[in-house]
2 protein chains.
Amino acid sequence: MLSVLHNSPTIANHPKFIARAISDDRLPVASVIEEIASQYRTIPAGTDIYSEGEASDDLYMVVEGWVFQHQILEDGRRQILDFALPGSLLGFQPDRGAEMTHAAEALTRATVAVIPRDRLGEFLSRDPELGLRVISAAAGALNTAYESLTDVGRRTAREAVAHLLLRLFSRICAAGPQVAGTAISFPLTQEHIGDALGLTAVHVCRTLRCLREKGVVQLTNGKLSVLDPGALAEIAGCMPDAEASSGTQIPSRERMRRVG
Amino acid sequence: MLSVLHNSPTIANHPKFIARAISDDRLPVASVIEEIASQYRTIPAGTDIYSEGEASDDLYMVVEGWVFQHQILEDGRRQILDFALPGSLLGFQPDRGAEMTHAAEALTRATVAVIPRDRLGEFLSRDPELGLRVISAAAGALNTAYESLTDVGRRTAREAVAHLLLRLFSRICAAGPQVAGTAISFPLTQEHIGDALGLTAVHVCRTLRCLREKGVVQLTNGKLSVLDPGALAEIAGCMPDAEASSGTQIPSRERMRRVG
DNA sequence: CGACTACTTGATGAATTTCAAGCCATGTGG
DNA sequence: CCACATGGCTTGAAATTCATCAAGTAGTCG
């Protein structure tokens, strides 16, 4: 399951890093998909690939750039549902012709491969293997949604931010090996992070300062440096190891669970 | 997309009810799956169908009973990821042999059909249509995960509880038509609701009392009555219509979004 | 009847939001 | 080149939602 990390020895092998924390696997459907894509679309930063309510009959694969999916409530509250990096599939819908329940927006300039839903069936019968791959991709997306869910629902702001950074970092590592401490391109604003985690940008700012002051990460001007992946994973993993250097308290939410 | 509601005129046709609030579609893969299931398993309430960390090479379809999926943090905090009713598929994993990133537990006594992953490919090549159905099921699960995500991240406790009840209610309606006000079997405890929404059971209790006092729902002893589906949807949909009877305030989180 | 679980209610406290400024970069037009 | 607007970040103080702690009630089950 950790195949995504194979290329990144320095960081990826860190024991804390190789935890269930990172369960964000997306099989490379890339090669297959690119063959059956009907066309490519390049989208400027900040514009929608598809919008909520729209009846989209296409599936997309990100080829380049960052994309995110979100839902917006009537009064403007926004929840970011997932980030899509090159290789990610986008726009699954249960039924043909169903309205999209969320929007997808390009975070940076991005290009996507467009797969018409109608032709998917045709390709599925020609190449049964493809079905498995698409199912795997969907399963991967489901897994990251589940990770986000426990981030938002059950982790502290600090834990959640650390965990999100870790997950995104691991996906970036998957694309090309990274060395700890190196600054990598990271186009999210604090507002994006907040909207992904159910926090306000203000509080993300404070949380990030906390992580910065501990020398764990550095995040400025669209560049992310993970200085201490171990400590980051420690914070994300929310284990009250008492190892945590500075006198920061983990809330005492211990509810001893009756072990089913 | 609202096919799930067709049988339930009294409630399903309510305008507020037919909102994007309910985007929880799961195609009936049932008939096909039951054919290829290798066996059935019946699980007593409160025990795991699969556990986190376990390498499960099966896919499951719930045939009877309620199941829920969850993740548990080291200190006992629990996040419920989804509820599975008869017809729901369970246990998608990106890779063969991957460790499950979450557990599935029977909420009531439940029976599931077991589909060995290995044979899935085989069946996919025999019946390409099946691939589309499984993809649809995964897309449905993804949609409900996304709805939960914005419940937990961006909705008030009251909105979130109302929205969750509404979503579950709509799924129950899909199985067999219900008339507003009728008590239906609803096996979740307040703790389950809390763990699904990132709240404590105590706070769910207070929230539920609020809904009860408004005459919107009644939830006691495993029985749920939706007395006023319209009001419930109103509360869930978080539209500041000023229609809300009692003097309850919706928090002023309006951030006017620069339209991308 | 005691043990247990689910639910209820109140009082207190903590995490996070809201409101309000100010800062720093970048870009734009006179 | 400067004025000025803009977007993202930062920080502080006050308000609020929600969690924690604590107790008590009701229903179930052996």
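- For the residue pair A/Ser51 and A/Met100, the shortest heavy atom distance occurs at O-CB, 3.7 Å.
- With hydrogens and angles ignored, no donor-acceptor pair under 3.5 angstrom links the side chain of A/Arg77 to the base of C/dT18.
- Below 30°, between 30° and 60°, or above 60°: for B/Tyr60 and B/Tyr50 the angle between ring planes is below 30°, a parallel geometry.
- Rounded to whole angstrom, the span from the CG atom of B/Leu199 across to the C1' atom of C/dT16 amounts to 14 Å.
- The base of C/dT18 lies close enough to the side chain of A/Arg206 for a donor and an acceptor atom to sit less than 3.5 Å apart.
- Side-chain atoms of B/Thr144 and B/Arg171 form no donor-acceptor pair, as typed in the model, at a separation below 3.5 Å.
- Across the protein-nucleic acid pair, B/Arg154 atom CZ and C/dT17 atom P stand 7 Å apart, rounded to whole Å.
- Atom CD of A/Glu191 is separated from atom C1' of D/dT10 by 15 Å (rounded to the nearest Å).
- Note on A/Gly222: nothing from the nucleic acid sits closer than 4.0 angstrom, heavy atoms only.
- When heavy atoms are screened at a 4.0 angstrom cut-off, B/Gly194 is found touching no nucleic acid atom at all.
- Regarding A/Asn221, its CG atom lies at a distance of 9 Å from the P atom of D/dC9, rounded to whole Å.
- Nucleic acid contact class of B/Ala201 (heavy atoms, under 4.0 Å, all strands): none.
- We find that CG of B/Leu219 is positioned 14 Å from C1' of C/dT8, with the value rounded to whole Å.
- Between the side chains of A/Arg77 and B/Thr150, no donor N or O sits under 3.5 Å from an acceptor N or O.
- Between the side chains of A/Arg167 and A/Ser148, at least one donor N or O sits under 3.5 Å from an acceptor N or O.
- Residue A/Leu208 is out of contact with every strand shown, counting any heavy-atom pair closer than 4.0 Å.
- Atoms CG (A/Asp75) and P (C/dT18) sit 10 Å apart, rounded to a whole Å.
- Contact check, B/Arg209 against C/dT9: a side-chain N or O comes under 4.0 Å of OP1 or OP2.
- Set against C/dG10, C/dT16, D/dT10, the side chain of B/Val202 has C/dG10 as its closest nucleotide.
- OP1 or OP2 of D/dT10 sits under 4.0 Å from a side-chain N or O of A/Gln190.
- The nearest whole Å value for the distance from the NE2 atom in B/His203 to the C1' atom in C/dT16 is 14 Å.
- When the side-chain nitrogen and oxygen atoms of B/Thr200 are compared with OP1 and OP2 of D/dC18, none of them lie within a distance under 4.0 Å.
- For the pair A/Lys223 NZ and D/dC9 C1', the computed distance is 18 Å after rounding to whole Å.
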